[in-house]
Amino acid sequence: MNIIFVGPPGAGKGTQAQIVSKTFKIPHISTGDMLRTEMDSGSKLGNQVKDIVTLGKLVNDDLMNQIVKERLSKSDAVSGFILDGFPRTLNQAKSLDEILKSMGKQIDRVIYVDVPERVIVERLSARRMCPKCGRNYNMITDPPKADEMCDDCHVHLITRDDDKPETVKKRYEIYRELTSPVIAYYRQKNVLFTIDGTMKMKDIEKHLIEMIKGRK
Ligand code: AMP
């Protein structure tokens with residue numbers, strides 16, 4: 001099963017993709033996580049994208065297409081994958097079609113996580129991340145057990161640079177301008193499934209699994 005999660009920043013795509021990844025035993029490929037790992041390691045690629053990511057802008061399409069092409073050719077993605085954060089532009093969506101075609105594959109489901117802008121701004125300003133394991137928390141709806149500490153790693157949680165209010169606004173504008181056409185593209189191809197990302201997590205999980213199993 002080859003799945004894409006698309007939706008505004010902070011829609012909960014990462015959390016939901018992790019659930020689907022565990023349930024269907026296919027890798028969760030988050031391009032944002034991949035870039036952050038490169039940045040943390042101080043690699044050439046990481047340094048190349050650092051300023052762009054911190055400012056909430058998009059990394060150029062050619063580079064992203066290359067990163068995803070390499071990742072999808074790894075052995076763990078043979079029997080399926082979940083892409084989270086890619087494609088983010090129409091150009092990336094079309095390149096992905098080409099990449100998959102050359103591998104004899106296709107997209108089975110595109111899950112659009114629909115969340116209004118007002119909720120996004122609220123959520124992202126309350127989001128914290130564990131710098132060690134990458135787990136996300138929300139200080140209002142899903143806080144850690146102890147004050148601002150990761151439940152698993154017991155290290156202090158951080159606010160991602162790109163979750164700062166002025167950057168969130170920028171990221172949402174970019175989403176509206178560049179990523180909305182991607183949603184229309186997949187709708188036209190009849191592979192788009194919409195989920196209301198404001199529902200309770202348990203309900204989202206149930207709907208998601210039904211959608212992916214083809215019962216919706
Ligand atoms: P995310 O964690 O998906 O919100 O991604 C964090 C940041 O990584 C984005 O704001 C972009 O700067 C960069 N990024 C991730 N995926 C892509 C992509 N498909 N195209 C361009 N930039 C990306």
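Numbering starts at 1 and runs along the sequence shown.
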(message) Tell me the closest heavy-atom pair linking Gly197 and Val113, and the distance in Å.
(response) CA-CG1, 3.8 Å
(message) Pair Glu98, Lys94 - check salt bridge (Lys or Arg N to Asp or Glu O under 4.0 Å), show working.
(response) CA-CA 7 Å; Glu98 290 302 312; Lys94 290 182 179 166; over 6 Å; no
(message) Show the nearest heavy-atom pair for residues Val182 and Ala93, with the distance to one decimal.
(response) CG1-CB, 4.4 Å
(request) Only counting residues at least two apart or in another chain, list the ones meeting side chain to side chain donor-acceptor pair (under 3.5 Å) with Asp162. (result) Arg160
(message) Do Ser43 and Glu38 have side chains that approach each other closer than 4.5 Å (heavy atoms only, starting at C-beta)?
(response) yes
(request) Examine Met199 and Met211 and state if one hydrophobic cluster contains both, with Ile, Leu, Val, Met, Phe, Trp and Tyr joined whenever side-chain heavy atoms are less than 4.5 Å apart. (result) yes
(request) Return the set of residues passing salt bridge (charged side-chain N to carboxylate O under 4.0 Å, His left out) with Arg187 (not counting sequence neighbours), or none when no residue passes. (result) none
(message) If I take atom CD1 from residue Ile99 and atom CZ from residue Arg71, how far apart are they, to the nearest 0.5 angstrom?
(response) 13.5 Å
(message) Using side-chain contact (heavy atoms from CB on, under 4.5 Å), reason through Ile111 and Val20 one step at a time and then give a plain yes or no.
(response) CA-CA 11 Å; Ile111 314 269; Val20 174; over 6 Å; no
(message) Measuring only between side-chain heavy atoms, which start at C-beta, is Phe24 closer than 4.5 Å to Lys213?
(response) yes
(message) Grouping I, L, V, M, F, W and Y whenever their side-chain heavy atoms are under 4.5 Å apart, do Ile52 and Leu55 come out in a common cluster?
(response) no
(request) Go through the steps for Ile204 and Thr15 under the test side-chain contact (heavy atoms from CB on, under 4.5 Å), then give the verdict. (result) CA-CA 11 Å; Ile204 293 182; Thr15 312; over 6 Å; no
(message) When you compare the side chain of Thr141 with that of Met201, does any pair of heavy atoms fall below 4.5 Å?
(response) no
(message) To the nearest 0.5 Å, what is the distance between OH on Tyr112 and OG1 on Thr179?
(response) 10.5 Å
(request) Following the transitive rule for hydrophobic clusters with a side-chain heavy-atom cut-off under 4.5 Å over Ile, Leu, Val, Met, Phe, Trp and Tyr, establish whether Ile67 and Leu178 coincide in one cluster. (result) no
(request) Assess whether salt bridge (Lys or Arg N to Asp or Glu O under 4.0 Å) is satisfied between Lys57 and Asp51, documenting all intermediate values. (result) CA-CA 9 Å; Lys57 295 183 181 167; Asp51 290 346; over 6 Å; no
(request) Apply side chain to side chain contact (heavy atoms under 4.5 Å, CB included) to Ser95 and list each qualifying residue two or more places apart in sequence or on a separate chain. (result) Asn65, Asn91
(message) Could you measure the distance from the CD atom of Glu173 to the NZ atom of Lys169? Nearest 0.5 Å is fine.
(response) 5.0 Å
(request) Give the intermediate values and the outcome of side-chain contact (heavy atoms from CB on, under 4.5 Å) for residues Phe5 and Leu208. (result) CA-CA 11 Å; Phe5 271 83; Leu208 265 180; 3.9 Å; yes
(request) Using a 4.5 Å cut-off on heavy atoms from C-beta on, say whether the side chain of Val115 contacts that of Thr198. (result) yes
(request) Nearest 0.5 Å please: distance from the CG atom of Asp163 over to the CZ atom of Arg127. (result) 4.0 Å
(message) Checking Thr23 now: which residues fulfil side chain to side chain contact (heavy atoms under 4.5 Å, CB included) with it, not counting sequence neighbours?
(response) Ile19, Ile209
(message) Which residue in the set Arg171, Lys170, Arg176 passes side chain to side chain contact (heavy atoms under 4.5 Å, CB included) when paired with Ile174?
(response) Lys170
(request) Determine whether Asn2 and Gln106 make a side-chain contact, defined as any pair of heavy atoms from C-beta on separated by less than 4.5 Å. (result) no
(request) Answer yes or no: are there more than 12 heavy-atom neighbours, outside Glu166 itself, under 6.0 Å from its atom CD? (result) yes
(message) Any non-hydrogen side-chain atom of Val110 less than 4.5 Å from a side-chain atom of Tyr185?
(response) no
(message) Per the side chain to side chain donor-acceptor pair (under 3.5 Å) rule, what does the pair list look like for residues 81-90, sequence neighbours excluded?
(response) His28-Asp84, Asp61-Thr89
(request) For side-chain contact (heavy atoms from CB on, under 4.5 Å), just list the numbers for Leu45 and Gln66, CA-CA rounded to whole Å, side-chain angles, deciding distance to a tenth of an Å, and then say yes or no. (result) CA-CA 12 Å; Leu45 171 63; Gln66 190 55 36; over 6 Å; no
(message) If you count every heavy atom of other residues, nucleotides or ligands that lies below 6.0 Å from Lys105 atom NZ, does the total exceed 12?
(response) yes
(request) Taking all heavy atoms of Met34 and all of Ile29, pick out the closest pair and write down the distance. (result) SD-CG2, 3.9 Å
(message) For a quick test of reading the model, state the closest non-hydrogen atom pair linking Pro27 to Ala77 and the distance between them.
(response) CG-CA, 4.1 Å
(message) Same cluster or not: Leu58 versus Tyr172, using hydrophobic residues (I, L, V, M, F, W, Y) connected whenever any side-chain heavy atoms lie under 4.5 Å apart?
(response) no
(message) Rounded at 0.5 Å granularity, tell me how far OG in Ser79 sits from NZ in Lys25.
(response) 11.5 Å
(request) For salt bridge (Lys or Arg N to Asp or Glu O under 4.0 Å), just list the numbers for Lys206 and Asp203, CA-CA rounded to whole Å, side-chain angles, deciding distance to a tenth of an Å, and then say yes or no. (result) CA-CA 5 Å; Lys206 190 170 152 260; Asp203 293 331; 6.0 Å; no
(message) Please say yes or no: joined through hydrophobic side-chain contacts below 4.5 Å, possibly via intermediate residues, are Phe86 and Ile183 part of one cluster?
(response) yes
(request) With the side chain counted from C-beta on, respond yes when Arg135 and Asp151 share a heavy-atom pair under 4.5 Å apart, and no when they do not. (result) yes
(message) How long is the straight-line distance from CD1 of Ile82 back to CD1 of Ile4, given to the nearest 0.5 Å?
(response) 11.5 Å
(message) I'd like to know if the side chain of Arg128 and the backbone of Leu157 have a donor-acceptor N/O pair within less than 3.5 Å.
(response) no
(request) Kindly indicate whether the side chain of Ser73, heavy atoms from C-beta on, has any atom under 4.5 Å from the side chain of Met103. (result) yes
(request) Quick one: closest heavy-atom pair of Cys130 and Val155, and the distance? (result) SG-CG2, 3.7 Å
(message) For a quick test of reading the model, state the closest non-hydrogen atom pair linking Thr167 to Thr54 and the distance between them.
(response) CG2-O, 3.6 Å
(request) Mind checking side chain to side chain contact (heavy atoms under 4.5 Å, CB included) for Ser75 and listing every partner two or more places apart, or none if nothing turns up? (result) none
